[in-house]
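Report on the structure given below.
Heavy-atom basis, side chains included; hydrogens, waters and symmetry copies ignored.
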Amino acid sequence: MKRRRMPSSGKYVFITGGVLSSVGKGLTTASLALLLSSRGYNVQAIKIDPYINVDAGTMNPYMHGEVFVTEDGGETDLDIGHYERFLGKNLSKKNNITTGQIYFSVIERERKGDYLGQTVQVIPHVTDEIKRRITEVAEDSHADVTIVEIGGTVGDIEGLPFLEAVRQMRLEAGFGNTFFIHVALSPYLPTTGEQKTKPVQHSLYELRRIGVQPDAVVVRSHHPLDGEAIGKIALHATLPRNNVFNSYDIDNIYRLPLLLEEQGLARLVESRLFGRSTKPDLSSWEQFVGLYESASRKVRIAMVGKYTKLRDSYLSIVEAVKHTSPYYGVRPEFVWAESTDIEQGKLEAGEVFDSADGAIILPGFGVRGVEGKIEVIRRFREGGKPLLGICFGMQLAVVEYARNVLGLKSAHTTEVDPETPHPVIDLLPEQKKIDRMGGTMRLGARPVKLVKGTTLWSLYEKELVLERHRHRYEVNLSYLDKLQDAGIVVSGWSEEGLVEAIELPKREHPFFLATQFHPEFKSRPLSPAPVFSGFIRSLAGV
Ligand code: GLN
């Protein structure tokens, strides 16, 4: 068992959840990561997802929210996106650990005979693999501290091996090198006006039943908690009151780190793990939050896609818009336009056009809602309001142009109509051979060569940029001459000569830009993505 690596020198914060999922563990993790890194520590953040999928790539965004794409081509949980945005650095696909990955490795090793005749069991073999993966991230990145968020809620059957593994890590890494934070919801009952702490208490008992005593509790609540509720929770958590923190509802998620800093969460963690208490440098973050909260001029952005009923499906795009807007003094208002409704005549593309100052044509897959998106693209192109197309949004902008400007009425992407006589968007030959769906798209960061003199160039002012991808289909190069003759400008190319971005010249349209890559995945509050800056600036008219 040479591959077994035990936590030796690392320092770890483990974040568990109670009462409900989606209670804000991800943002707590991201906030703490920022607070520690702004004290000068090298911080890593890991998300554990106890589901059996190997990664989030094959999951429907309706159930799970957006699939986030890392620089190294991982298709991960959306929390990795929060971590990157708060930490301001790229994380690896290895920072998202799932049950699927763990069992994949353990079973593969068993088949190779690596276990030398042993009975392979959850304890120790599965738990060892969990610890090995956590430790590997910490060691490879030379992290001073690694924050590990365990997805789901204590008491979930599938989360048990992970909780057991981190319980063991406390013993192995040492009490002084580990810190457990439990994040749980305290509901408010509007009928009686009561703040209920019982669910938090029960989740604390559940945590202790499996051998974990938290060092701090972060209570999520609607309103700020009063001293009585804090005291009750502290008592049941067997903690001093100062170790109970309150993350109440706020409009701006980027304020959360400041709220937790005021309450001293990072100070407590730092003094346990590093034996000192230093001051963070949060000045740029505070400045950004100030801008964000003072921007008041509204811009309305139509968000055109087919998963609009679950807003988390487009989380990184929403966040990219939100954190770019303050720099231009505007506050975005999202006008969600379900493209299936447009197709079915329940919503008019004209209404979408009238109700918004600009539109984002969102990424996507498959047939449903496609004609609705194309109709909206036509309106915004002809009507001269800013339009940003992302991935599928770019492909459909090409289809729309081929149909309505080139006059190729039946032009389509072969993803939707494999028999179209004008496949302006088509699969690459190497994608045609693929029969496994998981992890086989064109994924992760790839170089994009920008064309001088274009809008895209003016946004980056660089010849070569690295942007992230997640797609199978491409602009069909045999239609390129016709498209360009008809006015489409290709403003970005891949190294293999594939189309990475198209636009219309400024004299034809104030802002019409669509990218095959996903600029949203690299956009951060302190360094917004140039493509979003261009779009928002054109909306703000500054
Ligand atoms: N469905 C398209 C493709 O696979 C676009 C994917 C996307 O928008 N992420 O190429």
Side-chain angles (χ1 to χ4, degrees), residues 66 85 250-255 287-305 307-308 311-339 342 347-363 372-373 375-391 393-394 397 455-456 458-460 501 503-504 506 508-515 518-542:
E66 160 190 283
R85 285 186 284 272
I250 41 179
D251 290 337
N252 171 11
I253 58 167
Y254 299 107
R255 177 166 279 287
Q287 210 177 349
F288 163 75
V289 170
L291 272 182
Y292 187 113
E293 290 171 359
S294 60
S296 55
R297 194 156 64 83
K298 267 195 198 139
V299 290
R300 296 162 309 162
I301 301 172
M303 299 286 276
V304 191
Y307 305 117
T308 57
R311 307 286 153 86
D312 271 2
S313 307
Y314 306 110
L315 185 70
S316 290
I317 298 176
V318 169
E319 293 310 320
V321 167
K322 282 191 187 167
H323 64 232
T324 305
S325 300
Y327 294 100
Y328 300 98
V330 292
R331 178 179 288 263
E333 190 181 284
F334 296 102
V335 182
W336 292 94
E338 175 60 47
S339 52
I342 303 170
L347 175 67
E348 283 286 318
E351 265 173 76
V352 179
F353 181 80
D354 291 340
S355 64
D357 304 310
I360 300 182
I361 311 299
L362 297 161
K373 285 184 177 171
E375 201 38 38
V376 175
I377 296 169
R378 187 176 71 80
R379 292 289 179 138
F380 279 77
R381 181 178 58 75
E382 291 177 351
K385 282 188 187 173
L387 179 133
L388 172 61
I390 301 176
C391 203
M394 182 202 88
T455 301
L456 193 64
S458 73
L459 298 174
Y460 288 88
E503 60 186 61
L504 290 178
K506 271 244 151 31
E508 311 244 327
H509 198 288
F511 188 93
F512 189 97
L513 175 66
T515 60
H518 289 259
E520 71 275 19
F521 292 136
K522 286 177 87 159
S523 197
R524 287 151 193 182
L526 302 186
S527 56
V531 168
F532 281 89
S533 299
F535 175 64
I536 300 293
R537 197 194 306 145
S538 73
L539 288 177
V542 292

Whether Y328 side chain and S538 backbone form a donor-acceptor pair below 3.5 Å: no

From CG (L504) to OG1 (T455), nearest 0.5 Å: 9.0 Å

I536 side chain near V321 side chain, heavy-atom distance below 4.5 Å: yes

Heavy-atom check, side chain of P386 versus side chain of D357, under 4.5 Å: no

Interatomic distance, E375 atom CD to E348 atom CD [nearest 0.5 angstrom]: 8.5 Å

For R331 against Y292, the heavy-atom pair lying closest together: NH2-O, 3.7 Å

Under 3.5 Å: donor-acceptor pair, side chain of S523, backbone of A529: yes

K385 side-chain N/O to F353 backbone N/O, donor-acceptor pair under 3.5 Å: yes

Contact check, side chains of I390 and E520, non-hydrogen atoms, under 4.5 Å: yes

Min side-chain heavy-atom separation F535-I301 under 4.5 Å: yes

K373 side chain vs L362 backbone, donor-acceptor pair below 3.5 Å: yes

Polar contact flag, side-chain donor to acceptor under 3.5 angstrom, E293-Y254: no

Expected output: side-chain R297 to main-chain G329 donor-acceptor under 3.5 Å: no

F512 side chain near I377 side chain, heavy-atom distance below 4.5 Å: yes

Polar side-chain atom of R300 near backbone of S355 as donor-acceptor pair, under 3.5 Å: yes

Main-chain N/O of G305 paired with S339 side-chain donor or acceptor, under 3.5 Å: yes

Residue pair I317 / M303, side-chain heavy-atom distance below 4.5 Å: yes

ring-ring contact (aromatic ring centres under 6.0 Å, His included) against H323, all qualifying residues, sequence neighbours excluded: none

Qualifying residue for side-chain hydrogen bond (donor to acceptor under 3.5 Å, both in side chains) with S316, from E66, H518, K522: E66

Contact check, side chains of S533 and Y327, non-hydrogen atoms, under 4.5 Å: no

Whether F334 and W336 hold their rings parallel, tilted or perpendicular, with breakpoints at 30° and 60°: tilted

Atom of F532, atom of I360 and distance for their closest heavy-atom approach: CE2-CD1, 4.2 Å

Neighbour count above 12 (heavy atom, 6.0 Å) for E508 CD: yes

